[in-house]
Each structure stands twice: as C-alpha cells, then as structure tokens.
Amino acid sequence: MQDSELLQDGLALMALGMGFVFVFLTVLVISVTLMSKLIGRFQPAPVASGQTKPAATSATPSAKNDEVIAVISAAVHRYRKARRH
C-alpha cells in the first residue's frame, strides 16, 4: 500500500509542478506580447529618411573588397615564404 501512495504523491507533485510551469510560461508570453504592443503604440518605429546617396555607397564596397583581397594575398604569401625557411 505504501508504494502506491508514494506513486500517487509523486504524480500529484509532478502534475502540480508542470501546471505551475505551464501557467508561468503562459503569463510570460501574454505579458511579452502586451509589452510589445504597448511599445509599438507609444514608441513607433523611426521612419528612414530618403536622403541616402546610393552612388557613393556602391563604389566603396568594391574598393574595400579589392583592398581586403590584396591584404589577404600578401599575408598568405608571407606565411608561405616564412614556412619554407
């Protein structure tokens, strides 16, 4: 008889713990959703300005890429030269 009582107590404790976790996570999801809606209402997202310069930004990445390739090539060459000696 004692084994079945211990098993019932264990199952009851497990159900209580899982129920508490379920309720806590539900409250957490609801509160995060409400906070997100409140922030969206009182602090709207900033509007991006249309005064960007697309021509200046398109030339810069290719120049940076060429420089990076040159630096990497020089580093590999120096490494291979140092390993031979």
Side-chain angles (χ1 to χ4, degrees):
M1 286 303 257
Q2 188 164 352
D3 289 339
S4 64
E5 289 175 10
L6 283 174
L7 185 60
Q8 287 178 349
D9 288 343
L11 290 174
L13 187 59
M14 180 188 69
L16 181 68
M18 290 177 70
F20 179 76
V21 169
F22 178 76
V23 169
F24 175 76
L25 291 176
T26 303
V27 169
L28 183 68
V29 168
I30 291 170
S31 63
V32 167
T33 304
L34 289 175
M35 284 191 293
S36 174
K37 288 181 181 180
L38 284 173
I39 289 174
R41 180 176 294 166
F42 294 118
Q43 187 74 26
V47 178
S49 63
Q51 299 177 357
T52 59
K53 297 179 182 177
T57 58
S58 64
T60 305
S62 65
K64 287 184 180 179
N65 286 340
D66 292 341
E67 183 180 353
V68 169
I69 291 171
V71 169
I72 291 173
S73 298
V76 169
H77 180 69
R78 185 174 180 186
Y79 174 75
R80 287 181 179 166
K81 187 177 177 182
R83 281 192 54 139
R84 285 187 219 160
H85 293 102

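As the structure is a computational prediction, the values presented were derived from the model and not from experiment. In what follows, residues are counted from 1 in the order of the sequence shown.
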Pairs under 3.5 angstrom only: tabulate donor-acceptor contacts from the side chains of residues 26-37 to other protein residues two or more places apart or in another chain.
residue	atom	partner	partner atom	Å
Thr26	OG1	Phe22	O	2.8
Ser31	OG	Val27	O	3.1
Ser31	OG	Leu28	O	2.9
Thr33	OG1	Val29	O	2.8

TODO: Treat each ILVMFWY residue as a node, draw an edge where side-chain heavy atoms are under 4.5 Å apart, and state whether Leu7 and Met18 are in one component.
DONE: yes
Open item on the list: Assigning hydrophobic clusters by single linkage (Ile, Leu, Val, Met, Phe, Trp, Tyr; side-chain heavy-atom cutoff under 4.5 Å), is Val68 placed with Val76?
Closed with: yes
Task: Distance, nearest 0.5 Å, that separates CG of Leu6 from CD of Gln8 - done: 10.0 Å
